[in-house]
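Here is the structure we will look at.
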Amino acid sequence: MSVVTRIAPSPTGDPHVGTAYIGLFNHTLARQGGGKFILRVEDTDRNRYVPDSEKRIFQMMAWLGLTPDESPLQGGPNGPYRQSERFDLYGDYARRLVASGHAYYAFETAEELTALRAAAQAAGHVIAVPSRDLDPAAAQTRVEAGEAAVIRLRVPAAGETVVNDLLRDPIHFQNREIDDKVLLKADGFPTYHLANVVDDHLMGVTHVVRAEEWITSTPIHVLLYRAFGWHEPVFAHMPLLRNADKSKISKRKNPTSVEWYQQQGFLPEAMLNFLATMGWTHPDGLEVFDLEEFGRVFRLQDVTLGGPVFDQAKLRWYNGKYLREVLSADEVARRLHAFLAGQKTELPYDDYFRAVVRLMTPRLEVFSEFLEKTPYFWSETYPVTEKAQAAIDGARDLLPELAATLKNVPTFDAAGIKAAFAAFAEQKGLKLGKVMPPVRAAVAGTMESPDLPELLATLGRDRVVSRIVKMGS
RNA sequence: GGCCCCAUCGUCUAACGGUUAGGACACUACCCUUUCAAGGUAGCGAUACGGGUUCGAAUCCCGUUGGGGUCACCA
């Protein structure tokens with residue numbers, strides 16, 4: 001049997017890193033099994049719906065390269081893939097459950113439920129919904145008369161429901177501790193539980209891989225599969241990504257929008273690699289590996305269950321690693337150029353740009369650091385740090401001579417410049433540490449910059465000489 | 001609070017009854033060096049606690065503690 005997985009995000013806000021995380025595992029699992037990976041939009045809550053959210057989720061998945069096989073965008077044989085467009089389906093299925101006695105119409109108002117809940121909590125048991133005991137025919141009549149009602153699942157009063165999770169021992173839930181969840185709201189929309197189960201079944205989903213926060217609602221889903229007489233899928237609940245304090249990852253304590261990481265100049269490859277190590281390790285101890293390699297060796301059973309802290313420092317390390325060891329120099333330049341263009345900074349994509357990028361790559365973790373670290377490459381009005389100014393002031397007498405020397409270097413490349421410095425120092429009886437820093441300070445305005453001969457060669461003779469003359473006078 | 005899940009360095013994790021408990025990030029030194037990085041070398045640093053089972057326990061069992069999740073006509 002081939003594997004069918006899915007992610008089912010709700011379009012309620014920013015494209016979440018947790019969606020990317022779960023998406024990565026579902027995508028990979030489907031690819032391994034030669035199966036399908038579905039993206040289904042769960043937009044059944046009209047109050048929380050955010051119009052452009054869905055589009056941004058698609059963009060996030062595309063950026064990461066986790067392309068679904070079926071989705072609202074590309075369609076597929078099991079569409080539509082937006083629950084709002086499957087509206088009629090859910091009412092039919094809910095009523096089917098009412099007819100079979102597995103569900104019932106309930107008429108309690110919000111106020112009544114609040115009171116009921118308070119009483120139930122005080123008594124230490126789950127809420128008992130009075131409508132559960134109504135005569136079905138009478139209830140039917142009230143509904144037909146137009147009275148507002150929801151449809152609730154009739155959870156067995158006794159016994160237990162066992163959830164089989166691929167990653168842990170069977171989980172036993174006492175039925176008396178599960179309340180009669182609403183399946184169909186008064187507005188006719190389904191709740192998550194109903195829509196999710198109906199769609200997973202109709203779409204042929206074989207493996208439900210989702211976050212741990214769903215464990216407690218899984219017995220409800222199991223009960224639904226049984227009530228419908230359907231086969232339940234394999235469940236696997238992934239650990240929750242955490243903040244540094246171990247709580248569930250949240251906007252307040254961590255950037256959770258993948259767009260933020262995109263804007264900071266993180267690479268999708270690095271993000272994916274990092275995410276793959278949350279709860280899983282490469283069997284050979286590899287730290288750096290791509291999606292393909294991940295798919296080659298990943299096994300769901302190897303996922304660890306401790307909640308992994310989302311550590312930005314490690315993500316940044318991964319990003320730097322990809323910049324200097326995985327991507328080619330040309331690729332880094334191309335991507336950085338595209339990144340800058342996206343940030344409304346247009347620089348010519350030429351040899352000069354590529355040379356600067358090559359020099360800066362080992363000094364970069366994310367693209368957003370690039371411009372702030374390289375002002376002197378783009379303008380003659382770069383800032384001069386206090387330290388740099390001191391270096392310049394301490395070598396006023398030397399600077400004009402150095403300018404003259406550099407002006408006459410036969411070939412203005414790194415080797416030629418290096419030789420010129422050596423000759424100059426020798427002739428003056430000075431150490432290189434005396435003659436190079438002032439030049440660096442003058443041409444860059446900062447002591448933190450690339451190898452000096454290469455830096456000078458990249459800037460070019462004219463710029464270098466005029467800067468030294470200007471700063472040294 | 002009820003129910004449920006989880007528990008190895010600060011962080012991500014390896015170990016699948018027998019290892020000086022390994023690696024990576026971070027941190028600290030040192031090397032390289034004209035600065036900052038990168039790179040190299042080294043160091044720091046963990047089996048939450050208490051009982052069992054066993055010749056032998058990070059690993060199996062029980063309890064405690066701790067952390068987390070969940071208890072909506074949200075997903």
Side-chain angles (χ1 to χ4, degrees), chain A residues 8-12 42-45 47-48 106 108-110 113-114 117 120-122 124-127 148-152 163 165 167-169 171-174 177-179 181-193 195-196 211-219 237 239-240 242 244-248 274 277-283 285-288 304-311 313-318 320-321 324-325 359-365 373 387-388 391 418 421 425 431-441 444 446-453 455:
Chain A
S10 280
T12 53
E42 309 221 325
D43 55 350
T44 54
D45 185 344
N47 300 318
R48 293 206 304 154
E108 286 72 17
T109 64
L113 287 170
T114 306
R117 235 185 306 274
Q121 189 148 14
H125 55 68
V126 131
I127 183 170
V150 300
I151 292 179
R152 284 180 181 272
V163 170
D165 185 298
L167 302 178
R168 41 205 123 213
D169 292 335
I171 308 168
H172 299 254
F173 292 90
Q174 296 306 310
E177 281 164 2
I178 304 171
D179 58 9
K181 281 281 181 298
V182 171
L183 301 178
L184 200 72
K185 307 177 214 175
D187 63 6
F189 273 87
T191 58
Y192 169 81
H193 305 294
N196 191 264
E212 194 179 3
E213 56 186 332
W214 295 107
I215 287 184
T216 41
S217 44
T218 309
H237 290 91
L240 239 24
R242 311 292 182 101
D245 65 3
K246 295 281 189 179
S247 56
K248 174 163 87 168
F274 170 68
T277 66
M278 301 279 90
W280 184 82
T281 322
H282 192 286
L286 280 185
E287 299 287 341
V288 178
T304 59
L305 267 12
V309 170
F310 189 97
D311 180 11
K314 186 132 189 190
L315 210 210
R316 291 176 70 87
W317 173 78
Y318 264 114
K321 198 81 173 161
R324 69 188 102 90
E325 288 181 20
L359 289 184
M360 291 308 296
T361 297
R363 277 158 262 260
L364 241 40
E365 276 189 319
K373 287 190 173 184
K387 253 189 178 160
K418 197 167 178 163
F421 270 116
K431 295 206 168 181
L432 248 17
K434 279 282 177 225
V435 311
M436 290 173 101
V439 175
R440 179 188 300 284
T446 169
M447 305 313 289
E448 299 173 11
S449 40
D451 175 76
L452 191 59
L455 172 56

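Predicted model only: the values in this text are computed from it and were never measured. Letters go in sequence order (proteins before strands), and every chain restarts at 1.
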- Query: Shortest non-hydrogen contact from I127(A) to D179(A)?
  - Reply: CG2-CB, 3.6 Å
What integer number of Å spans the [atom1] atoms of [N] and [M]?
{"N": "C31(B)", "M": "A48(B)", "atom1": "C1'", "answer": "39 Å"}
{"N": "C4(B)", "M": "C16(B)", "atom1": "C1'", "answer": "26 Å"}
{"N": "U11(B)", "M": "A26(B)", "atom1": "P", "answer": "16 Å"}
{"N": "C44(B)", "M": "A29(B)", "atom1": "C1'", "answer": "10 Å"}

Closest nucleotide among [options] to the [X] side chain:
{"X": "E287(A)", "options": "A24(B), U11(B), C73(B)", "answer": "A24(B)"}
{"X": "E212(A)", "options": "A14(B), U34(B), C5(B)", "answer": "C5(B)"}
{"X": "D311(A)", "options": "G69(B), C25(B), G68(B)", "answer": "C25(B)"}
{"X": "I215(A)", "options": "U34(B), A14(B), C5(B)", "answer": "C5(B)"}
{"X": "T277(A)", "options": "A14(B), C12(B), U34(B)", "answer": "C12(B)"}
{"X": "E177(A)", "options": "U34(B), G68(B), C3(B)", "answer": "C3(B)"}
{"X": "H193(A)", "options": "C5(B), C73(B), A75(B)", "answer": "A75(B)"}

- Task: Take atom NZ of K185(A) as the centre, draw a 6.0 Å sphere, and report whether it contains more than 12 heavy atoms from other residues, nucleotides or ligands.
- Result: yes
Pick out the pairs of N or O atoms, protein on one side and nucleotides 36-40 of chain B on the other, that lie under 3.5 Å.
from   : atom 1 : to      : atom 2 : distance (Å)
C36(B) : O2     : R363(A) : NH1    : 2.9
C36(B) : N3     : R363(A) : NH1    : 2.5
A37(B) : O2'    : P362(A) : O      : 2.5
A38(B) : O4'    : P362(A) : O      : 3.4
A38(B) : O3'    : R324(A) : NH1    : 3.3
G39(B) : OP1    : R324(A) : NH1    : 3.1

Does [N] have OP1 or OP2 under 4.0 Å away from a side-chain N or O of [X]?
{"X": "R152(A)", "N": "C73(B)", "value": "yes"}
{"X": "K181(A)", "N": "U70(B)", "value": "no"}
{"X": "T12(A)", "N": "A75(B)", "value": "no"}
{"X": "T44(A)", "N": "A75(B)", "value": "yes"}
{"X": "K246(A)", "N": "G10(B)", "value": "no"}

- Item | Nucleotide paired to U54(B) in any strand shown, Watson-Crick or G-U, under 3.5 Å | none
- Message: Going by purine N1 to pyrimidine N3 plus the second Watson-Crick contact, or the G-U wobble pair, all under 3.5 Å, which nucleotide sits opposite A37(B)?
- Response: none
- Query: Mapping A313(A) and A244(A) to their closest nucleotides on RNA chain B, which lands nearer the 5' end?
  - Reply: A244(A)
- Message: If you assign P308(A) and D187(A) each to the RNA chain B nucleotide with the nearest heavy atom, which residue ends up on the more 5' nucleotide?
- Response: P308(A)
- Message: Given the structure, check if the side chain of K314(A) and the base of A26(B) hold any donor-acceptor pair shorter than 3.5 Å.
- Response: no
- Is a donor-acceptor pair below 3.5 Å formed from side chain R48(A) to base C74(B), judging by atom type as modelled? yes
Distance, rounded to the nearest Å, where [X] contributes [atom1] and [N] contributes [atom2]:
{"X": "F173(A)", "N": "C4(B)", "atom1": "CZ", "atom2": "C1'", "result": "5 Å"}
{"X": "D179(A)", "N": "A72(B)", "atom1": "CG", "atom2": "C1'", "result": "9 Å"}
{"X": "Y318(A)", "N": "A26(B)", "atom1": "OH", "atom2": "P", "result": "11 Å"}

Listing time: all N or O pairs from protein to nucleotides 42-46 of chain B that are below 3.5 Å?
none

So [X], base contact, sugar-phosphate only, or nothing? Heavy-atom distance under 4.0 Å.
{"X": "V150(A)", "answer": "base"}
{"X": "P11(A)", "answer": "nothing"}
{"X": "G279(A)", "answer": "sugar-phosphate"}
{"X": "G307(A)", "answer": "sugar-phosphate"}
{"X": "T361(A)", "answer": "nothing"}
{"X": "M360(A)", "answer": "nothing"}

- Look at the rings of Y192(A) and W214(A) and say which category their plane angle falls in: under 30° parallel, 30 to 60° tilted, over 60° perpendicular. parallel
- Check: E448(A) main-chain N/O paired with R363(A) side-chain donor or acceptor under 3.5 Å: no
- Query: Should D45(A) and R48(A) count as an ion pair when the cut-off is N to O under 4.0 Å?
  - Reply: yes
